[in-house]
Amino acid sequence: MEDTCDAPFVECNSNRKFFEKHSKLKFTTGDHTKADVPRIGEVVFRFENVGSTNDVAKTLVKKGLPEGTVVIAKMQEQGRGRRNKKWVSPSGGLWFSIILRRKISPSCMSLIPIAAGVSITRAIRRLYQIDVTLKWPNDVMAGTRKIGGILTETSSTIDDCYAVVGFGINANNSFKSMPAPLRNEMISLSDLLGSEVNIDQLMQESLSEFSQVYAKILSDNLGDVVREWKTLTNMLRKPILVYEDEAPFEATALDLDSDGALLIQTKDGVLRRLYSGNISIRRIEV
Ligand code: BTN
């Protein structure tokens with residue numbers, strides 16, 4: 001491997017080897033303007049095994065890697081889901097993170113997780129003709145089982161502003177012999193299709209779909225993204241159970257707001273907006 005990241009693909013066998021080789025490198029960050037066409041996946045770091053691709057991506061941000069850099073690993077030992085849940089990431093799944101770094105408005109930023117969910121749903125529907133749906137904010141579901149999820153981590157300071165968007169897609173990692181409740185809550189593409197899928201093709205399709213949806217956000221077509229999310233979900237106007245910090249409560253999911261918040265009506269008729277992070281919706285009538 002050359003001591004440069006100009007090459008489109010950087011193969012890394014282990015974290016340590018990569019950082020030993022690149023510890024003294026300085027990468028330059030493109031000065032992105034809003035009108036730039038995003039170049040997602042121009043630089044790809046491939047690892048056999050990492051803690052979490054999101055963590056590696058954050059380290060690469062500090063080294064100055066540009067927007068669009070992708071980190072992919074065959075397996076993760078400390079894969080994370082939303083609300084600090086463990087994300088089981090054995091070999092066979094598609095685990096990758098995309099670095100986004102440019103100054104965008106808070107309303108654009110809040111739609112990035114929504115956009116990411118739309119992009120995987122599009123990719124899976126297009127490649128395998130499976131009618132996967134979105135459960136707010138961005139769980140990709142096959143019926144009542146989860147097939148993929150997104151973990152977006154952001155940081156905004158005077159000097160820098162970035163988001164790392166982590167995609168977890170259960171591709172060829174079967175849940176059939178996993179213990180309950182995992183076996184009943186999760187499913188993989190190979191479990192559904194009865195044969196293995198091409199992981200590289202799935203990643204390319206996901207990156208390409210994400211580039212398109214992200215471009216809509218950057219060109220202020222936020223309404224398009226919200227409208228598309230609504231066509232890909234079947235949870236609106238249905239009863240849901242909302243888990244917040246305290247006891248769960250029943251509500252009806254009414255709409256997705258322009259900033260990605262879920263509008264709900266509680267059983268007492270109170271209208272509320274839910275934001276990602278401290279709530280989860282566990283049971284949906286489908
Ligand atoms: C969720 O639904 O809770 C989000 C799951 C996100 C998992 C992906 S796998 C790649 C990236 N690295 C992580 O540690 N998590 C995300």
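Quick caveat, the model's predicted, so the values are computed rather than measured. Just so you know, ligand 1 is whichever comes first in the structure, and atom 1 is the first atom listed for that ligand. Heavy-atom basis, side chains included; hydrogens, waters and symmetry copies ignored.
Using a 4.0 Å heavy-atom cutoff, Arg83 is absent from the residues neighbouring ligand 1. Residue contact check for ligand 1: Gly79 places a non-hydrogen atom closer than 4.0 Å to it.
Inspection of the Asn173 and Ser188 side chains reveals no N or O donor paired with an N or O acceptor under 3.5 Å. Residues Asp191 and Ser174 have side chains that bring a donor and an acceptor to within less than 3.5 angstrom of each other.
Residues Leu189 and Ile169 meet the side-chain proximity criterion, which asks for heavy atoms closer than 4.5 Å. Contact check for Lys58 versus Ser155: no side-chain heavy atoms found under the 4.5 Å cut-off. Using a 4.5 Å heavy-atom threshold, the side chains of Val50 and Trp95 count as separate.
Of all the atoms in ligand 1, the ones that sit under 4.0 Å from a non-hydrogen atom of Gly81 are 1 (C), 3 (O), 4 (C), 5 (C). Interface atoms of ligand 1 facing Asn54, defined by a heavy-atom separation under 4.0 Å, are 11 (C), 12 (N). Taking every heavy atom of Lys146 and a limit of under 4.0 angstrom, the matching atoms of ligand 1 come to 1 (C), 2 (O), 3 (O). The Arg82 neighbourhood of ligand 1 comprises atoms 1 (C), 3 (O), 4 (C), with distances under 4.0 Å to a heavy atom of that residue. The ligand atoms of ligand 1 that sit less than 4.0 angstrom from a heavy atom of Phe96 are 10 (C).
Heavy atoms of Lys85 found under 4.0 angstrom from ligand 1: none, in either backbone or side chain. Only the side chain of Asp139 comes within 4.0 Å of ligand 1, judged by heavy-atom distances.
Among protein heavy atoms, atom 12 (N) of ligand 1 sits closest to Gln76 OE1, 2.9 Å. The protein heavy-atom contact nearest to atom 5 (C) of ligand 1 is Trp87 CE3, 3.4 Å. When hydrogens are left out, the protein atom nearest atom 15 (N) of ligand 1 is Arg80 O, 2.7 Å; that is the closest non-hydrogen contact.
Surrounding CD of Gln78 are at most 12 heavy atoms belonging to other residues, nucleotides or ligands under 6.0 Å away.
A salt bridge is absent between Glu67 and Arg101: the closest approach of a Lys/Arg side-chain nitrogen to an acidic carboxylate oxygen does not fall below 4.0 angstrom.
Nearest residue to atom 11 (C) of ligand 1 from Val165, Val50, Thr53 is Thr53 (criterion: closest heavy atom).
Here the shortest heavy-atom pairing between Leu256 and Gly260 reads CD1-O, 3.4 Å.
By the 30° and 60° cut-offs, the orientation of the rings of Phe96 relative to Phe167 is parallel.
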